[in-house]
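Nothing fancy with the numbering, it's 1 onward along the sequence. Worth saying up front: this structure is predicted, and the values here are computed from it rather than measured.
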Amino acid sequence: MSYELKSMKEILSGNPYAGRGIVVGKSADGKKAVFAYFIMGRSENSRNRIFAEDGAGLRTQPFDESKVADPSLIIYSPVKVVGKKTIVTNGDQTDTIEEHLKKGMCFRHALSTREFEPDAPNYTPRISAILELDNGFTYSMSILKSADEKGSACNRYTFDYAPLSGVGHFIHTYVTDGDPLPTFEGEPERVAVPNDLKAFASEIWNSLDEQNKISLYCRSIDLATGAVENVLYNKNER
């Protein structure tokens, strides 16, 4: 395993299509839990979206209602909060995790009931993360991937982390553009997490491919006070 720490700019720059991505980590000063979630899109249906804050959570919604073709895989709640746990995902598995947590079950058990998206031939992975602040700060990330090019079975990978100051992990749905799209491989990538959330959000947003990026949401949570800071970018503005 490499302990090399790259910036989000280094990882994203020049990549036309990372798909949807989640970053979770701890600020460089060790005082805040941090996450980011972005979406990209190639089709008109996929690009016709914005992020909208929904209480402590986040939802995707159409930018232009008249252009919605199929809402099934593009309209969902990427972020929800249950007690001192924050869920971040790229699909409606957010709701599955929320339901399981409310019943006293765990992140891993919730995702054992789900699999990759049914969008052949890509079989887009479901990526998920949970930030747990009940007793200190820990986080886990998951990817549910097709076992083969036919979507015959689902492989499930979960990664549990002890947070380190200035270190985050980045998981995304695709390696890059392609037909079919090449699925993310290996462990989540180690990335540098600064103290300044706005600077971090700007770095990610400006490094995403200009043609394909759609929306980005970043949040920091003060580990001592619980104070929250959010940054939201939408390519489509009302």
Side-chain angles (χ1 to χ4, degrees), residues 1-15 18-40 51 53 56-58 78-90 107 127-143 157-173 175 184 186-210 213-234:
M1 175 180 173
S2 171
Y3 293 103
E4 181 183 6
L5 205 59
K6 292 186 177 180
S7 68
M8 289 297 292
K9 181 179 180 179
E10 287 178 287
I11 292 176
L12 290 172
S13 293
N15 186 346
R20 286 165 275 175
I22 300 172
V23 184
V24 183
K26 185 187 267 190
S27 60
D29 60 12
K31 295 181 179 180
K32 296 175 182 177
V34 176
F35 75 80
Y37 177 61
F38 67 78
I39 57 175
M40 305 178 77
F51 281 167
E53 291 185 299
L58 184 73
V79 178
K80 286 193 172 183
V81 176
V82 179
K84 292 188 176 181
K85 295 178 172 66
T86 301
I87 308 159
V88 189
T89 91
N90 73 326
F107 177 72
I127 55 173
S128 309
I130 187 165
L131 293 75
E132 304 196 50
L133 286 83
D134 306 79
N135 185 20
F137 169 42
T138 59
Y139 62 94
S140 300
M141 307 184 90
S142 163
I143 184 167
Y157 305 88
T158 305
F159 306 89
D160 302 324
Y161 294 104
L164 299 175
S165 297
V167 178
H169 292 87
F170 174 38
I171 193 166
H172 42 105
T173 51
V175 175
F184 179 88
E187 294 183 26
E189 298 166 274
R190 283 168 57 92
V191 297
V193 179
N195 292 326
D196 188 331
L197 186 72
K198 291 179 180 177
F200 190 47
S202 178
E203 176 190 354
I204 297 171
W205 186 247
N206 291 331
S207 300
L208 290 169
D209 182 82
E210 183 62 33
K213 67 183 179 183
I214 299 172
S215 298
L216 167 69
Y217 189 71
C218 297
R219 175 178 296 173
S220 67
I221 307 166
D222 190 292
L223 298 175
T225 67
V228 169
E229 180 183 3
N230 299 318
V231 179
L232 187 155
Y233 285 91
N234 282 316

Atom [atom1] of [X] and atom [atom2] of [Y]: how far apart are they, to the nearest 0.5 Å?
X: N206; Y: L216; atom1: CG; atom2: CG; value: 10.0 Å
X: D29; Y: S165; atom1: CG; atom2: OG; value: 7.5 Å
X: S215; Y: L232; atom1: OG; atom2: CG; value: 7.0 Å
X: D160; Y: I130; atom1: CG; atom2: CD1; value: 10.5 Å
X: N90; Y: I127; atom1: CG; atom2: CD1; value: 4.5 Å

With sequence neighbours excluded, residues passing ring pair (Phe, Tyr, Trp, His ring centres under 6.0 Å) with Y37: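 Here the qualifying residues are F51.
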
Non-neighbouring partners of F35 that pass ring pair (Phe, Tyr, Trp, His ring centres under 6.0 Å), sequence neighbours left out: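 Listed in chain order: nothing, the list is empty.
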
When you measure from the side chain of [X] to the backbone N and O of [Y], does any donor-acceptor pair fall under 3.5 Å?
X: N195; Y: A28; value: yes
X: S27; Y: K32; value: yes
X: R20; Y: T173; value: no
X: E203; Y: M8; value: yes

Donor + acceptor pair across side chains of Y157, E187 (<3.5 Å):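 The criterion, which ignores hydrogens and geometry beyond distance, is not satisfied for E187 and Y157.
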
Sole residue of V34, L223, V193 in side-chain contact (heavy atoms from CB on, under 4.5 Å) with K26: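 That would be L223; it is the only one of V34, L223, V193 passing the side-chain contact (heavy atoms from CB on, under 4.5 Å) with K26.
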
Partners passing side chain to side chain contact (heavy atoms under 4.5 Å, CB included) against [X] (at least two apart in sequence or in another chain):
X: S13; result: K9, S207
X: V167; result: L5, L164, H169, R190
X: D209; result: P16, M40, Q211, N212
X: V228; result: R219, I221, N230

Residues K31 and D222 bridged, charged N to O under 4.0 Å: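 So K31 does not pair with D222 through a salt bridge.
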
For [X] versus [Y], what's the shortest heavy-atom pair and its separation?
X: G19; Y: F38; answer: O-CE1, 3.5 Å
X: W205; Y: I214; answer: CH2-O, 3.4 Å
X: I171; Y: M141; answer: CG2-CE, 3.5 Å

Quick one: are [X] and [Y] in side-chain contact, heavy atoms under 4.5 Å?
X: E189; Y: F184; answer: yes
X: F170; Y: L12; answer: yes
X: F159; Y: S140; answer: no
X: E53; Y: Y217; answer: yes
X: I11; Y: V191; answer: yes
X: S220; Y: F200; answer: no
X: V88; Y: L131; answer: yes
X: C218; Y: Y233; answer: no

Worked verdict on V81 versus I87 for side chain to side chain contact (heavy atoms under 4.5 Å, CB included): CA-CA 6 Å; V81 176; I87 308 159; over 6 Å; no

Within 6.0 angstrom of D134 CG, more than 12 heavy atoms from elsewhere: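 Yes, the 6.0 Å shell around CG holds more than 12 heavy atoms from other groups.
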
Side chain to side chain contact (heavy atoms under 4.5 Å, CB included) assessment of T138 paired with Y161: CA-CA 6 Å; T138 59; Y161 294 104; over 6 Å; no

